[in-house]
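This is a predicted model, so every value here is computed, not measured. Throughout, protein chains are lettered first and strands after them, A, B, ... in sequence-line order, and every chain is numbered starting at 1.
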Amino acid sequence: MSKIELPKAYDASQIEDDIYRIWEESGFFNPDNLRGAKIPFTISMPPPNATGVLHTGHATMLAIQDLMTRYHRMKGDKTLWLPGTDHASIATQTKVEKIIAQEGLTRHQLGREKFLARVDEFVSDSRNTIKNQIRKMGSSCDWSRERFTLDAGLNSAVIVAFEKMYNDGLIYRGDRVVNWCPRCKSTLADDEVEYKEQQAKFYTFKYNKDFPFAISTTRPETKLGDSAVAVNPKDERYKKYIGQEFEVDFVGVPLKIKIIADHNVDMEFGTGALGVTPAHSQIDYQMAGANNLPIIKVINKDGRIEDGLRQYSGKTVEEARELVVSELKTRGLLEKEEDISNNLSICYRCGFAIEPLPSLQWFVAVDKPFKLKDKKKLNWEKDEATLKELAIHAVKNNLIKIVPARFEKIYFHWLENLHDWCISRQIWYGHQIPVWYKDEDIYVGQLAPKGNSWVQDEDTLDTWFSSALWTFSTLGWPENTDDLKTFHPTSVMETGYDILFFWVARMIIMSVYCLNDIPFETVYLHGLVRDEKGVKMSKSLDNSIDPLDMIKKYGTDALRLSMLIGVTPGNDFKLYDEKIAGYRNFINKIWNISRYILTSVEDIRLVEKLPQANTLADKWITDELFSTITVINNSLENYNFSAAGDALQEFTWNKFADWYLEIAKIEKDKDEILLYILQNLLKLWHPFCPFITENIWQNLKSEKLLIVSKWPDHKKSNLIFKFSKNDTVVNFQLIQNIITALRNLRGENKIEPAKLAQAIIISKNQKTLISSQSEIIKKLARLSQLEFLSKGDKPKNSASALVGEAEIYLDLTGIIDTVAEKERITREITEVEKYLKSLAGKLANDEFVNNAPEEIVKAEKEKLSVQKSKLEKLQNQLNNLK
RNA sequence: GCACGCUUAGCUCAGUUGGUUAGAGCAUCUCGUUUACACCGAGAGGGUCGGGGGUUCGAAUCCCUCAGCGUGCACCA
């Protein structure tokens with residue numbers, strides 16, 4: 001006898017770190033060490049913020065990506081999952097600013113160089129935290145290829161990309177109204193602006209007494225910078241004023257107001273006349289350009305009123321608003337003050353109100369054509385293309401597939417409406433813009449030309465500019481490295497749908513530009529994690545589940561299962577303690593299944609070849625295993641991770657553990673087949689819950705680690721027994737149903753479990769089959785005696801059940817309750833009659849019979865006859881009861 | 001305003017191209033013979049698939065419409 005000891009309950013916390021160390025030391029995370037692997041499979045890990053801590057979003061992405069990675073590695077692919085971290089310019093800089101604020105310092109006091117040194121120090125300390133947390137999730141990523149968006153290689157990729165775009169005219173510097181966050185003290189891209197509905201006051205007033213009509217606004221303080229009033233050219237009320245100019249004294253500030261026509265003005269809204277503030281509205285700025293209007297700045301970069309605007313200067317916008325309104329009241333100019341709800345623009349990082357401000361910034365032109373070097377990879381016909389066109393083309397022509405597909409529509413809509421991308425940020429931490437100025441000259445490149453008086457642009461690039469290069473910059477681009485040739489385009493980009501625009505779209509844009517190739521073949525988008533009430537988890541709401549707490553409490557494997565099963569692509573899902581606890585229970589079930597097998601077989605060993613199936617149960621379970629493997633493979637190939645996990649769980653618990661293991665205790669001598677199934681189960685589960693499976697695998701005396709063992713790819717044709725699939729499965733299911741029926745009868749009739757009962761089974765057609773399974777039926781239904789007949793009446797003092805055409809009679813001598821039994825049969829008769837009626841109705845319908853496919857009709861007829869004979873038998877039983 | 005998603009058992013969710021009497025887990029109820037597992041086992045109850053209409057022989061599934069919830073985009077003078 002093999003004598004190994006295994007604890008009763010699986011304790012993840014004792015095992016996981018050791019297992020991870022074994023994997024990491026094995027070198028198998030690195031595709032170079034996967035012998036014989038040819039077909040590349042690559043995932044670029046979306047880089048978490050270098051200073052972040054693991055949250056449920058990370059945990060979700062790591063679970064899904066590791067699942068795919070492990071599956072492909074076991075399938076024998078040259079599998080690379082490349083990890084890294086993002087410098088997250090604004091977020092990181094803000095954190096360090098808070099830290100030095102405790103020392104009473106600002107970044108300006110420290111100066112750029114010293115401040116950046118502090119940031120680097122902070123980042124290098126905190127980067128290890130997130131990296132170790134990624135390990136905690138079991139992530140089998142190749143740490144030897146780990147990258148950071150600010151490391152030397154990526155820095156040079158950023159500069160080369162910038163230079164190339166500049167030379168192609170796709171990057172330009174322009175003065176225009178941009179989104180400004182006065183808190184972050186930086187510009188934001190259009191999609192980094194969020195909107196919050198709020199109650200606001202809507203003021204209607206005249207600039208002064210002499211002005212011929214009123215305008216309306218929610219922001220009276222910005223009116224200090226008005227240089228025009230726009231009206232709809234069709235508006236009869238104002239037509240006559242178009243072209244006129246008015247000099248007004250607006251609450252103490254002199255303004256020149258020209259009346260202009262613009263058909264974007266909504267005649268119904270407010271007074272139908274719109275005060276044009278060129279400096280603080282993108283639309284107004286455009287109107288100003290079209291009408292040659294002066295641009296008067298009112299709000300500065302601190303969110304305060306500019307100098308030279310009387311008593312308003314230096315005030316915050318809120319203060320200035322109150323002052324302007326009260327002055328308007330004093331002057332008797334305020335006509336109306338209404339409550340309306342409107343959207344406040346806020347910064348997506350800090351939530352502070354955005355101010356549109358005119359500013360000189362760098363932009364990426366998305367609508368400007370450039371020449372493609374290589375048209376083949378993208379299957380593009382013309383010599384030229386715009387970034388927008390190519391990014392749309394790649395998805396529209398299925399070069400890139402998005403899962404779930406509905407996000408393709410959202411992607412197109414976003415791209416079609418995309419404006420030039422503002423890429424300069426007034427942040428210190430990040431890639432400093434590789435542009436040098438000397439008087440009127442501009443030089444673009446990493447290092448300034450010789451001579452001392454060149455000054456580098458102070459700004460840095462949008463953090464998404466560098467992460468947009470992520471799939472190829474991490475593989476060595478701009479050098480044409482072996483890694484780049486082997487692993488790019490990557491296979492799957494797995495990320496949350498919330499960064500489809502921020503990141504996924506921009507990666508496509510930069511890849512089609514820099515490489516004239518797609519960055520990835522498939523985009524898999526997962527949903528967001530919500531709490532049990534369906535609220536998005538966030539630090540500020542304090543409703544977050546900390547994945548590390550859950551790992552401590554239930555183990556990584558359980559946490560992973562709770563994020564992989566019952567979760568569908570693109571849909572949000574709820575995560576809560578009980579759910580994870582449930583999967584912990586399941587992990588323990590796997591443990592105990594293994595424990596039973598390993599402690600009961602004679603000789604623990606790997607059984608690679610399918611053993612001979614000797615009994616009906618053997619054939620059934622083998623067949624079920626094969627079917628399950630087929631379902632799993634299909635599901636995994638189609639990104640239905642949940643379906644794969646479901647099928648595997650169903651097989652493991654409800655079929656293998658609940659039925660087959662119990663039968664194995666009765667039929668005996670099943671070492672080979674048990675080891676064979678166990679081995680396959682461990683392989684199949686490994687991508688889902690890698691720790692426990694690798695841990696159990698260590699007992700199997702394999703030379704290989706489970707992580708690189710061969711994935712089960714059994715074809716049905718490999719089954720070595722002769723029955724057709726249906727025979728086997730159906731035959732065994734009949735036995736299962738008989739056992740269940742007997743247990744049910746015992747329960748209904750209150751026969752204590754300890755008591756062995758007696759039963760008779762009458763079956764005309766399947767007596768041989770059923771009687772061949774007599775031992776199993778007796779043991780599992782707790783019978784002392786079981787008799788088989790091919791015909792006969794209902795025995796006296798018995799409770800009855802029908803399983804197919806088989807009649808099951810459980811002896812109730814001494815305890816029969818005739819009335820109850822009568823009621824039960826009558827109830828069943830009613831049900832069968834109801835069902836029969838609907839079947840008969842269906843079949844009496846010529847339209848159904850003529851139109852439905854033959855096999856459907858045949859199946860219905862079959863059902864009808866089965867139910868008819870069932871009804872007959874039930875009626876006989878009822879009669880015999882008297 | 002435009003678009004997308006969701007609404008299936010008390011709760012959390014599956015349900016592939018329309019075709020068994022709609023499934024699972026948790027929870028509930030009844031009950032514990034059996035050392036793999038009480039983080040377990042056996043059995044049971046529980047759904048007019050959000051409402052209405054339509055297409056079809058046949059609809060949870062396709063179409064229209066309404067409602068509730070959520071999200072994105074736009075507007076936001």
Side-chain angles (χ1 to χ4, degrees), chain A residues 6 8-10 191 195 197 200 202 215-219 222-223 229-230 265-266 269-277 281 283-284 340-345 404 406-407 409-410 413-414 417 497-498 500-501 528 532 534 554 558 565-568 570-574 576 578-579 581-600 634-635 638 640 642-643 646 649-650 654 657-658 661-662 665 740 743-748 750 752-756 779-780 782 831 834-835 838-839 842 845-853 855-857 859-860 862-863:
Chain A
L6 295 169
K8 258 175 115 161
Y10 176 69
D191 50 314
Y195 301 95
E197 194 165 312
F202 193 49
I215 58 161
S216 303
T217 185
T218 51
R219 301 203 52 189
T222 63
K223 304 286 103 183
V229 166
V265 177
D266 181 355
F269 194 87
T271 62
L274 144 72
V276 180
T277 318
S281 151
I283 293 170
D284 292 13
I340 61 160
S341 75
N342 74 344
N343 284 327
L344 180 68
S345 307
R406 65 187 155 87
F407 282 97
K409 208 171 167 182
I410 299 171
H413 183 252
W414 182 80
N417 293 300
Y497 66 76
D498 54 333
L500 177 62
F501 306 141
L528 308 182
E532 69 264 62
Y554 299 118
I565 301 178
V567 176
T568 41
N571 293 324
D572 296 350
F573 66 99
K574 293 174 188 171
Y576 42 91
E578 296 88 327
K579 196 171 181 173
Y583 284 108
R584 187 270 321 264
N585 295 352
F586 178 67
I587 292 290
N588 192 239
K589 188 73 185 181
I590 294 181
W591 175 256
N592 273 292
I593 287 169
S594 310
R595 180 168 175 254
Y596 173 70
I597 295 171
L598 294 176
T599 53
S600 66
N634 289 339
S635 301
N638 292 303
N640 280 324
S642 179
D646 262 343
Q649 190 175 347
E650 163 77 13
N654 302 340
D658 286 348
L661 285 187
E662 293 310 312
K665 292 174 189 170
T740 303
R743 286 166 169 172
N744 185 355
L745 289 178
R746 292 181 63 113
E748 275 182 0
K750 307 250 185 306
E752 321 87 88
K755 194 185 165 190
L756 296 180
K779 280 266 165 47
L780 295 183
R782 306 274 312 148
E831 261 174 46
K834 205 172 113 197
Y835 187 28
S838 92
L839 284 170
K842 217 173 190 179
N845 183 349
D846 286 345
E847 305 248 38
F848 171 71
V849 177
N850 295 333
N851 290 320
E855 69 263 26
I856 300 283
V857 179
E860 294 299 302
E862 176 74 30
K863 280 183 232 162

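- One finds no side-chain N or O of A/Asn342 lying less than 4.0 angstrom from the OP1 or OP2 phosphate oxygen of B/rC76.
- Of all nucleotides listed (B/rC39, B/rU33, B/rA42), B/rU33 comes nearest to the side chain of A/Pro753.
- For B/rG43, the OP1/OP2 oxygens have a side-chain nitrogen or oxygen of A/Arg743 closer than 4.0 Å.
- The interatomic distance linking A/His413 (NE2) with B/rC4 (P) rounds to 11 Å, in whole Å.
- Using atom C1' as the reference point in both B/rG51 and B/rU12, the two lie 24 Å apart (nearest Å).
- Formation of a donor-acceptor pair under 3.5 Å by the A/Asn588 side chain with backbone atoms of A/Arg584 is not found in this model.
- Each of B/rA36, B/rC76, B/rU33 was ranked by its minimum atom distance to the side chain of A/Leu661; first place goes to B/rA36.
- The base of B/rA38 lies outside donor-acceptor range of the side chain of A/Lys8, with no N or O pair under 3.5 Å.
- Residues A/Glu847 and A/Gly272 both approach RNA chain B. Their nearest nucleotides, taken by heavy-atom distance, put A/Glu847 toward the 5′ side.
- In this pair, A/Phe501 and A/Trp414 present their aromatic rings parallel. The plane angle is below 30°, not in the 30 to 60° band.
- Applying the salt bridge (charged side-chain N to carboxylate O under 4.0 Å, His left out) rule to A/Lys223 yields the partners A/Asp226; only residues at least two apart in sequence or on another chain are considered.
- For B/rC11, neither phosphate oxygen OP1 nor OP2 lies less than 4.0 angstrom from any side-chain nitrogen or oxygen of A/Lys579.
- A/Asn640 contributes no side-chain N or O that, together with a main-chain N or O of A/Ser635, makes up a donor-acceptor pair within less than 3.5 Å.
- Residue contacts for A/Lys665: at a heavy-atom cut-off of 4.0 Å it reaches a base atom on one of the strands shown.
- Remark: side-chain polar atoms of A/Asn571 are not paired, donor with acceptor, to backbone N or O of A/Val567 under 3.5 angstrom.
- For the pair A/Thr740 and B/rA42, the criterion of a side-chain N or O lying under 4.0 Å from OP1 or OP2 is not met.
- When the side-chain hydrogen bond (donor to acceptor under 3.5 Å, both in side chains) test is applied to A/Asp191, the partners found at least two apart in sequence or on another chain are A/Arg506.
- The separation of B/rA27 from B/rG58, taken at their P atoms, amounts to 42 Å, rounded to a whole angstrom.
- For the P atom pair drawn from B/rU17 and B/rC63, the interatomic distance equals 12 Å after rounding to whole Å.
- Comparing B/rC6 with B/rC64, their P atoms are spaced 15 Å from each other, to the whole Å.
- If you take atom P in B/rG47 and the same atom in B/rG15, they sit 23 Å apart, rounded to whole Å.
- Checked against B/rA3, B/rA36, B/rG43, the side chain of A/Asn744 finds its nearest nucleotide in B/rG43.
- Across all strands, A/Ile593 comes closer than 4.0 Å to base atoms (heavy-atom distances).
- Using a 4.0 Å heavy-atom criterion, one finds that A/Arg782 contacts the bases of the nucleic acid, with or without backbone contacts as well.
- For A/Tyr554, there are no ring pair (Phe, Tyr, Trp, His ring centres under 6.0 Å) partners, not counting sequence neighbours.
- Residue whose closest nucleotide on RNA chain B sits further toward the 5' end, between A/Pro853 and A/Phe573: A/Phe573.
- Checking B/rA36, B/rG15, B/rA42 against the side-chain heavy atoms of A/Thr568 singles out B/rG15 as nearest.
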**Message:** I'd like to compare against my own output: the B/S/- annotation of nucleotides 20-29 of chain B with a strict under-4.0 Å heavy-atom distance to protein.
**Reply:** SB--------

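- For B/rG19 and B/rA36, the P atoms lie 43 Å apart once the distance is rounded to whole Å.
- Residues satisfying the ring pair (Phe, Tyr, Trp, His ring centres under 6.0 Å) test with A/Phe407, not counting sequence neighbours, are A/Tyr497.
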**Secondary structure of RNA chain B in dot-bracket form (Watson-Crick or G-U wobble, distances below 3.5 Å, | marking inter-strand pairs)** = (((((((..((((.....[...)))).(((((.......))))).....(((((..]....))))))))))))....

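- The same atom, P, is picked in B/rC4 and in B/rC76; the two are 23 Å apart, to the nearest Å.
- Residue A/Lys574 has its side chain nearest to B/rC13 when only B/rC57, B/rA74, B/rC13 are considered.
- Side-chain N/O atoms of A/Asp572 and base N/O atoms of B/rC6 include no donor-acceptor pair closer than 3.5 Å.
- Interface remark: the A/Glu662 side chain does not form any donor-acceptor pair with the B/rA42 base, using a distance-only criterion of under 3.5 Å.
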